[in-house]
Structures are given as C-alpha cells and as structure tokens.
Amino acid sequence: MDHDQVEGLMAREDPQMKLRLPEALKTAIAKAAEANGRSLNAEIVQRLEQSIGFEEEYGPLEEVMREVWNDIEKLKARVAEHDEHLFPNRYDRD
C-alpha cells in the first residue's frame, strides 16, 4: 500500500492515541517514512498492518522463523550428505 492509499484510509475521525517510542526507534521509523514517501503516522500504520497481515496468514513471526531455521538446518545436513557422497575423497578419515 502506498502513501496515498494509507493516508486515504485514515480520516480525522479515526481514533488517535499517544505513543511512547525509544528515540532510536522513532528516528529509524522517521528515516523509513522519508525513504518511502510517507508521513511518520502512515509509516507506522503500514508497518503494523503488514505485521498483522503476516501473522494472520502465516502465524506468529517467532514460530515461522523457528520453522524456517529448522528447515535450513535440515537442508544443510542434506547438502553435506550429498557432498560427502559425491566427493568422498574430501572426507577421508585417516
């Protein structure tokens, strides 16, 4: 969703809230907002919507990352087995 779409979805009547952020996080969000051509508010809304959408589709990020990491470890083991089969001289154990 681009800046105009995000801004178009938000109206003055939408609920407002005060938010405390660590200074470094606010700076990072502000830089991202500028790079993406969005207001600070639109950047926060976009990122929250993206995060919530991801979790609705795939589940909690921590669980998804754990599964991905496990899959990577399994693939690495399979590649090592395959490599040892193709190049047995590399793995001579004298």
Side-chain angles (χ1 to χ4, degrees):
M1 191 174 293
D2 67 19
H3 174 264
D4 292 334
Q5 290 171 314
V6 171
E7 291 293 335
L9 294 175
M10 295 181 290
R12 292 272 181 220
E13 298 80 35
D14 285 340
Q16 295 183 16
M17 61 184 273
K18 206 172 208 180
L19 177 65
R20 294 180 196 268
L21 296 174
E23 188 62 37
L25 181 57
K26 183 180 178 194
T27 300
I29 295 170
K31 285 180 183 177
E34 184 176 347
N36 293 321
R38 293 192 270 257
S39 68
L40 186 63
N41 187 75
E43 185 69 25
I44 292 169
V45 168
Q46 167 63 24
R47 286 172 176 255
L48 287 171
E49 287 177 342
Q50 187 176 30
S51 173
I52 290 168
F54 178 92
E55 288 193 351
E56 286 175 349
E57 187 166 344
Y58 301 106
L61 181 60
E62 294 81 11
E63 289 178 21
V64 172
M65 292 305 299
R66 192 171 18 262
E67 290 175 19
V68 167
W69 186 253
N70 288 336
D71 289 346
I72 289 170
E73 291 300 316
K74 289 176 190 174
L75 285 170
K76 284 169 56 176
R78 289 180 64 192
V79 167
E81 289 173 15
H82 185 70
D83 191 53
E84 190 170 352
H85 179 72
L86 287 175
F87 307 103
N89 295 337
R90 289 186 190 171
Y91 299 92
D92 283 341
R93 295 182 177 35
D94 294 327

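Residue numbers run from 1 in the order of the sequence given.
- The side chain to side chain contact (heavy atoms under 4.5 Å, CB included) search around Thr27 returns Glu23, Lys31, not counting sequence neighbours.
- Salt bridge Glu43/Arg47: present, at least one basic N to carboxylate O contact under 4.0 Å.
- Within 6.0 Å of the CD atom in Glu73, the count of heavy atoms belonging to other residues, nucleotides or ligands exceeds 12.
- With values rounded to the nearest 0.5 angstrom, Glu62 atom CD is found 6.5 Å from Glu55 atom CD.
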Inset, instruction - Kindly indicate, with the supporting measurements, whether the criterion salt bridge (Lys or Arg N to Asp or Glu O under 4.0 Å) is fulfilled by Glu63 and Arg66. - result: CA-CA 5 Å; Glu63 289 178 21; Arg66 192 171 18 262; 5.1 Å; no
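- Taking every heavy atom of both residues into account, Ala33 and Ser39 meet most closely at CB-O, 3.7 Å.
- To the nearest 0.5 angstrom, Arg78 atom CZ is 10.0 Å from His82 atom NE2.
- Both Met65 and Ile72 belong to a common hydrophobic cluster when Ile, Leu, Val, Met, Phe, Trp and Tyr are linked at side-chain heavy-atom distances under 4.5 angstrom.
- In the hydrophobic clustering, where aliphatic and aromatic side chains (Ile, Leu, Val, Met, Phe, Trp, Tyr) are joined below 4.5 Å either directly or transitively, Leu25 groups with Met17, Leu19, Leu21, Ile29, Leu40, Ile44, Leu48.
- Heavy-atom minimum distance, Tyr58 versus Val64: O-CG2, 3.4 Å.
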